[in-house]
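Source: prediction; values computed, not measured. In what follows, chains are A, B, ... by sequence order, proteins preceding strands, each numbered from 1.
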Amino acid sequence: MISLKINGKPIQVESGTTILQAAKQLGFEIPTLCYHPQLEPYAACRVCTVEVKNEKGNKLMTSCNSIVEDGMEVQTDSDAVAQARKINLQLLMAQAPAAEIVSEMAANYGVGDTAFLSENAEEKCILCGLCVRACEQVAGTSAIGFANRGKDRVVTTPFDVQNEACITCGSCAFVCPTGAITMDDPFGREVIHDEMTLGPDKAITVPFMQAVPNAPAIDTEACIHFKTDACGLCAEVCEPEAIDYSQKDEIEEVEVGTILLATGFKTFDASRIAKYGYGKLPNVITSLEFEKLSNASGPTGGDILMQDGSVPKSVGIIHCVGSRDDNYNKYCSKVCCMYSLKIAHLMAEKTGAEVYNFYIDMRTPGKGYEEFYERLLEEGMHLIRGRAADVSDWAMNEDEEGKLVIRAEDTLVGAVRRIPVDMVVLAVGLEPQPDAEEIRRKFNISCSSDGWFLERHPKLAPVSTFTDGVFLAGSCQGPKDIPETVAQSGAAVAEALALIDRGYVELEPNTAFIYEEECSGCKTCIPLCPFSAISFVEDKNVSEINEALCKGCGTCVAACPSGAAQQHLFTDEQIFEEIKGVLSYV
Amino acid sequence: MEQLNTEPTKTTANAQKPFRMSVLVCAGTGCVSNNSFKVMEALQDEIKKHNLEKEIQIVGTGCNGFCAEGPLLVVQPDEIFYAQLKVKDIPLLVEEHFLKGRPVEKFMYTPPEGEVAIPKMSDIDFFAHQRLIALRNRGLIDPEKIDEYIGRDGYTAIAKALTEMSPAEIVQEIVDSGLRGRGGAGFPSGVKWQLCAKQDSDTKYIVCNADEGDPGAFMDRSIIESDPHSVIEGMLIGAFGMGASEGFIYIRNEYPLALERLHVAIEQAEKYGLLGENILGTNFSFKMNVVRGAGAFVCGEETALIASIEGKLGEPRPRPPYPVESGLWGKPTNINNVETWANVPIIIDRGAKWFASIGTETSKGTKVFSLVGKINNTGLLEVPMGITLRDIIYKIGGGIPNGKKFKAIQSGGPSGGCIPEDQLDLPVDYESLSEAGSMMGSGGMVVMDEDTCMVDVARYFLTFTRDESCGKCAPCREGTWQMHEILTKITEGNGTLNDLAVLEALAEVVKDTSLCGLGQTAPNPVITTLRYFRDEYLAHIEKKECQAHVCRELNTYIIHGDVCKTDGKGCGVCRRECPDKAITGEKGKAHVIDQQLCGKCGVCYDVCNFNAITIE
Ligand SMILES: Cc1cc2nc3c(=O)[nH]c(=O)nc-3n(C[C@H](O)[C@H](O)[C@H](O)COP(=O)(O)O)c2cc1C
Ligand code: SF4
Ligand code: SF4
Ligand code: SF4
Ligand code: FES
Ligand code: FES
């Protein structure tokens, strides 16, 4: 422990503590410009200067990097300190007149204006080097650095050209005290709609609000530590020391009696319908992107903004994108009409824009849904019956200049209309997950022709599958809204529990089996079994049927060229005997 | 052969003297640029012509010191000193002196005020008051021949250190000698060595700082050029004392001759088993590296130098940690200046007591200075600490040329201070110089006469430090720039008393709060000129007058009509040369300057052959 006095107050701190840290413990504020607790001290701005008395006399020292010594007497605000700060702040004011933090700091010392000559009134950078150190020490890239000597010193990239090494982490802009470094979109966009995915904003987050366990996780794709090996700030600040970068995804095997499939859906990829301009025209977004934009914890704080940062004055919402369409999905996605109406309502409420909905049919079955639709009609929403033909930026008159033009046949009016809007929301439909087929195989269940998992019976067994013990819940089985999903999940859980309670499954008695001695090991039967019940026993060179999986369909029995595959109750012998029996009466 | 005030050797190089005469031709950078190689060639030819090769030996030496008089030639054993030789003088010289034994008076050095030539080197004032320790071999050996160094007791100190002394004893010897760093700060070298020796680390480094970025300074270069082995030997002793096994010589790239000689010396030392593995058969090994600096002044600062050797941006970092704790690649590193290292072998050889007997209470030994500016004998000199500035200027330097009056001497390089006439009896040591507002620095000395404007001088030095500031810390980067702006404003006649107040306050803050030595000392020229020559600042500001007529914006050029008409007969040269067409007049008649048009370039004043134009 080191004992020292700061402004007359004694304090004991651990050795290795800086004067700045010690002063902070006592509640003395020392101004700093080039200091950041997570970066190595650089001691360049000199505004954290304090006066130190030791055996050699009084000395001005920078507190951010100077380590305490026994018996030190520190003055954080003596006359000499104030004078040094005043002059150094005035020098910085003259150098970077646009750096507000400097003039604010100077004002605390009664300095209103600098006594020195200014060259560039626009200059913001005070060359504190925080950005350079953040890039080196946090981002681990050194994409930016200092160039030139003395007054010509600047922060820049090597050779002043855009640096490939930059991982666009934004650490530099984040630490810059003056706003001299900003993160700008190369196309000048204020809001980048393509980034409004449902992914996390930060590299470490609680994945979503109701996540179980409710603990943050690192997105290794976004995390600087996994890109450059640097940073590690989260581990530094995490007091319980819970961060472990070496953790790997693990595969755990769990034995269970029942399985509930709730793998959900994916939204239709709107760029597949080129004529709607998604991905090509600015301000054409999907319904999901709208949700992110409108979320209070989203990147715009819930404001609905166009890419240039302005609020749309007119918006078109196109229903049935990818649904009820012979070219894509024939089925109705069921939820889009209602969510489109919700979007229309929110849009009008938040932006005051004129909102146009383009629908084929308005499908609003369900409690209170029709009433909501009625309400919107009363609110004066434009509802145009007809599939939108296309969205373009091709203006035919002045009103359409600079707008997105939606062309659609208004079947109620019987005319083709062109509606210019600022923003277009595409109500994308629901599709099975891309890996649904794989899952289906794994669990021995079937899919409908659209790719949704098939229930055992649409009316009598809507949550069961053809595989005993495997149940379905939610939109993996077909498009559903939230209340329906919740209700169905409840049912699936109840069925699963009933099975668990019983403790066993009943098998069909007519399962197939293989006579080992007859089997030639030709493997003909294996791919044919629709329930993947047959496996091959390498050491015996024969096929084997798992009778718990076998449904007794007999496919293998019919196909086996050596007659090794037989079925209980229907062995050749039994059948021949039966035939014999029947014939004996003739 | 007793050499001047040079330290006598125990074994003499010329024990069995095969030659009748040795001709020592200065091959220092100054003389080389004055054609000394050509002179040497001519000499060789001429000697061959007279078949004197067996009798007369020609040696190219490092800088002799009296650079102002180059190319120089010293003939031993009689110590006859020839100055300003030309190729065409050689035949006569060889014939008269070398053949007939009659030294040629007209090639000898004649002091500016004297009438008679002085034949013997040690009789020349420039040499008589010097004491050569660091430069003990200058002008006496061929720096490219290790045998000549060994002949003058070279490498006996390392032999003694390795065989008769323990590392601790070596360090103690340096502590006792009172040797202080010659690179500027004057930190006691022994104390630094002790700190380094104390560090517990398997790897330690030592560094020789030969960056020498001060304009006009050439002490370190001369030492390396004239006696590279003394530095190598010093480093070997240091390495053994501190437990280091690798060393770096950081030398600026602009010193090609020094670099060349260093490489030759290292190669020869390696061949002799004096560098590398198992030196002199002991188990002490040492590897020497030469690193070329890119030439930024600030890279001479030790932390910037370390960054530079490591291949990083050469900018200083705050200390502590000091290099002896955490230097090159985080390992304990002892950095010393060239001259500091060159002193080490002789201290070990002759003992700390002997060294400590030279100099003053706080500053021991000698110091090498480069003396330039308005002084008769410019050159390189080594004097015992404690000598007065007056002795340096008048006895060694031979006073001010052209009968002008002395005004100030600036010591310590571009960030030293200017010392006025009434302080000339100051003994030259670390403390006295800094009390006077200046510093020892690395040993640059610039003499100024009455034609110097002290405001302009301050501005001149600030131009250098402003341009050399690395730009890391705000007070130095911005402060030197602003001080320079204010000084420029004053020299242009636009300064106010408020500017002066701002300048003074700023200078103090830059000095007190800059990160490294560059910024901390950069205001010295301003502070000292304000302290000793404030009246000049006031004259510039209040009377818009520059007494030395250096600040052209403040000059008023006046043609004295009568002189112009009678003496110059209205020659009209000024009229034709004036770029602003401010002069009117006809041939044969007096000319006049239109002050409204005059751009104050001073051309008219320079071209008038009849002194008809004066500056008011
Ligand atoms: C701006 C600046 C430039 C310096 N340049 C040199 C130099 O050229 N040569 C040198 O030996 N020391 C130079 N120094 C001093 C070194 O930092 C250091 O003190 C010295 O090399 C230590 O050696 P010494 O103790 O033998 O003097 C410089 C210091 C500063 C602040
Ligand atoms: S955004 Fe680029 S320059 Fe800035 S800290 Fe990250 S990597 Fe470095
Ligand atoms: S850009 Fe910002 S963080 Fe970087 S040096 Fe300038 S002021 Fe400091
Ligand atoms: S004092 Fe000058 S040279 Fe030294 S670190 Fe600061 S800016 Fe660089
Ligand atoms: S905060 Fe300490 S020098 Fe900048
Ligand atoms: S170079 Fe010849 S005397 Fe200096």
Side-chain angles (χ1 to χ4, degrees), chain A residues 16 18 33-34 40-51 58-67 69 80-96 102 114-119 123 126-129 132 136 142 145-155, chain B residues 294-299 303-304 312-321 325 462-486 488-489 496 498-499 501-516 518-520 522-523:
Chain A
T18 62
L33 281 171
C34 68
E40 277 169 33
Y42 191 56
C45 74
R46 319 303 282 178
V47 303
C48 69
T49 294
V50 293
E51 190 168 352
N58 282 18
K59 208 179 155 200
L60 293 179
M61 287 169 104
T62 44
S63 60
C64 66
N65 68 300
S66 302
I67 305 292
E69 279 167 25
V81 168
Q83 168 74 355
R85 281 193 200 142
K86 264 189 209 172
I87 295 223
N88 279 329
L89 284 168
Q90 287 185 56
L91 286 171
L92 288 173
M93 275 169 93
Q95 182 228 336
V102 179
T114 173
F116 303 113
L117 193 70
S118 260
E119 275 195 314
E123 185 59 63
I126 52 169
L127 299 166
C128 66
V132 175
E136 182 194 335
S142 293
F146 287 113
N148 306 337
R149 276 211 296 261
K151 186 83 179 147
D152 297 331
R153 180 176 253 237
V154 282
V155 172
Chain B
F297 176 58
V298 77
C299 285
T303 59
K312 300 196 192 124
L313 183 67
E315 73 179 25
R317 61 155 177 79
R319 298 173 305 180
E325 298 152 352
L462 254 298
T463 314
F464 178 82
T465 38
R466 176 198 66 178
D467 292 346
E468 292 296 331
S469 160
C470 80
K472 174 171 177 171
C473 72
C476 169
R477 176 185 71 237
E478 302 303 325
T480 52
W481 191 84
Q482 296 287 2
M483 281 192 279
H484 184 268
E485 286 299 306
I486 299 174
T488 306
K489 198 172 159 195
T496 62
N498 183 48
D499 286 330
V502 171
L503 179 67
E504 259 186 309
L506 176 58
E508 290 299 335
V509 170
V510 172
K511 180 176 162 153
D512 291 343
T513 64
S514 285
L515 192 160
C516 84
L518 194 153
Q520 287 157 6

Rounded to the nearest 0.5 Å, what's the gap from CG on Leu313(B) to CZ on Arg149(A)? Could you check? 10.5 Å

When every non-hydrogen atom of Leu515(B) is compared with those of Ala43(A), the smallest separation belongs to CD1-O, 3.1 Å

Step by step, work out the salt bridge (Lys or Arg N to Asp or Glu O under 4.0 Å) result for Arg153(A) and Glu478(B). CA-CA 11 Å; Arg153(A) 180 176 253 237; Glu478(B) 302 303 325; over 6 Å; no

Could you state the interatomic distance from CZ (Phe116(A)) to CG (Leu506(B)), rounded to the nearest 0.5 Å? 4.5 Å

So, taking the atom named SG in Cys476(B) and the one named CZ in Arg46(A), what distance separates them when rounded to the nearest 0.5 Å? 10.0 Å

Please rank Asn65(A), Leu117(A), Asn148(A) by heavy-atom pairs under 4.5 Å with chain B and give me the top one. Leu117(A)

From Met61(A) atom CE to Thr513(B) atom OG1, the distance as rounded to the nearest 0.5 Å: 13.5 Å

Distance (rounded to the nearest 0.5 Å) between Asp152(A) CG and Ser469(B) OG: 10.0 Å

Counting heavy-atom pairs closer than 4.5 Å to chain A, which one of Ala296(B), Ala505(B), Pro475(B), Gly479(B) comes out on top? Pro475(B)

If I measure from the heavy atoms of chain B, does Glu51(A) come under 4.5 Å with its side chain, its backbone, both, or neither? neither

Rounded distance (nearest 0.5 Å) linking atom CG of Asp467(B) with atom NZ of Lys151(A): 12.5 Å

Audit row: Leu91(A), Val509(B), side-chain contact (heavy atoms from CB on, under 4.5 Å) steps and yes/no: CA-CA 11 Å; Leu91(A) 286 171; Val509(B) 170; 5.9 Å; no

Evaluate the side-chain proximity of Leu92(A) to Arg477(B): yes if any heavy-atom separation is below 4.5 Å, no if none is. yes

Considering only heavy atoms, which portion of Leu60(A) lies under 4.5 Å from any heavy atom of chain B: side chain, backbone, both, or neither? both

With a cut-off of under 6.0 Å to the ring centre and 45° to the axis, is Lys472(B) in cation-pi contact with Phe146(A)? no

Max heavy-atom pairs within cutoff under 4.5 Å with chain A, candidates Arg466(B), Gln482(B), Glu485(B), goes to Gln482(B)

